[in-house]
Amino acid sequence: MSAEVPIIILIIAIPIYFLSKFVLKRLKFGNDKSRKYVAIVPAVFFSPIIYTLLIASWIFCVQYYPKGHFNKQEWEINIEERYTMSRNIIKSEMLLGKSKEEVIELLGNEYSCYSDNHMGYYLGFVPRLFNIDPDYLDIYFENGIVVKVSQHNS
């Protein structure tokens, strides 16, 4: 555990302590001295829970992966966010059975050719924790016809 974690939990605990003390006063619970000690309990109990929820929320936000339907104009214009359409391309199987020329007509000329039977399109950086590499849409051909479409992180 790094040194920052206890400090952050303490920073979270301070407002919880004062809020608990205020609520106890409103409820007319005990005297001032007993409220001070009783207010420590929710601060100690809830601070780590709130800290954990904040971290989990942050991780969820960082990994949010928006999904969208394929749109040819958006694909051509917004190259860095093509990944939003990649799942739709794969799940709808819209490229299966198409020739290489049809794929290029639909997705454009900016592709990487790995072999005669394998080409890939840049998708941008998919939101992931510690993602430093872009993703690619891989298109595989047999006898000049698309047989498989997948996505990979380079």
In the single-linkage hydrophobic clustering (I, L, V, M, F, W, Y; side-chain heavy atoms under 4.5 Å), do [X] and [Y] co-cluster?
| X | Y | answer |
| --- | --- | --- |
| Val147 | Met119 | no |
| Tyr122 | Val103 | no |
| Tyr140 | Tyr111 | no |
| Val149 | Ile145 | no |
| Ile104 | Leu96 | yes |

Donor-acceptor contact below 3.5 Å, side chain [X] vs main chain [Y]:
| X | Y | value |
| --- | --- | --- |
| Ser20 | Ile16 | yes |
| Ser47 | Val44 | no |
| Tyr121 | Gly108 | yes |

Counting only heavy atoms from other residues, nucleotides and ligands, does the tally under 6.0 Å from [atom1] of [X] exceed 12?
| X | atom1 | result |
| --- | --- | --- |
| Tyr114 | OH | yes |
| Asn31 | CG | yes |
| Phe45 | CZ | no |

[atom1]/[X] to [atom2]/[Y] distance, rounded to the nearest 0.5 angstrom?
| X | Y | atom1 | atom2 | result |
| --- | --- | --- | --- | --- |
| His152 | Asp133 | NE2 | CG | 9.5 Å |
| Glu80 | Arg82 | CD | CZ | 9.5 Å |
| Phe141 | Asp116 | CZ | CG | 10.5 Å |
| Leu24 | Arg35 | CG | CZ | 7.5 Å |
| Leu106 | Leu95 | CG | CG | 6.0 Å |
| Met85 | Ile90 | CE | CD1 | 12.5 Å |

Taking all heavy atoms of [X] and all of [Y], pick out the closest pair and write down the distance.
| X | Y | value |
| --- | --- | --- |
| Pro134 | Phe125 | N-CE2, 3.4 Å |
| Leu123 | Ser86 | CD1-CB, 3.8 Å |
| Glu102 | Gly97 | OE1-O, 4.4 Å |
| Gly124 | Tyr83 | C-CD2, 4.4 Å |

Can you list, by chain and residue number, the hydrophobic cluster partners of Ile132 when the side-chain cut-off is 4.5 Å?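 Via sub-4.5 Å side-chain contacts, Ile132 links to none.
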Could you walk me through whether Val126 and Gln151 pass side chain to side chain contact (heavy atoms under 4.5 Å, CB included), step by step? CA-CA 11 Å; Val126 175; Gln151 181 174 334; 3.7 Å; yes
Side chain to side chain contact (heavy atoms under 4.5 Å, CB included) assessment of His118 paired with Asp138: CA-CA 7 Å; His118 182 199; Asp138 290 321; 3.2 Å; yes
Under 3.5 Å, side-chain donor or acceptor atoms of residues 69-77 against the rest of the protein: list the pairs with distances, not counting sequence neighbours.
unit_1	atom_1	unit_2	atom_2	d
His69	ND1	Asn88	ND2	3.2
Asn71	OD1	Gln73	N	3.0
Asn71	OD1	Glu74	N	3.1
Lys72	NZ	Glu105	O	2.4
Glu74	OE2	Asn78	ND2	3.3
Trp75	NE1	Leu107	O	2.8

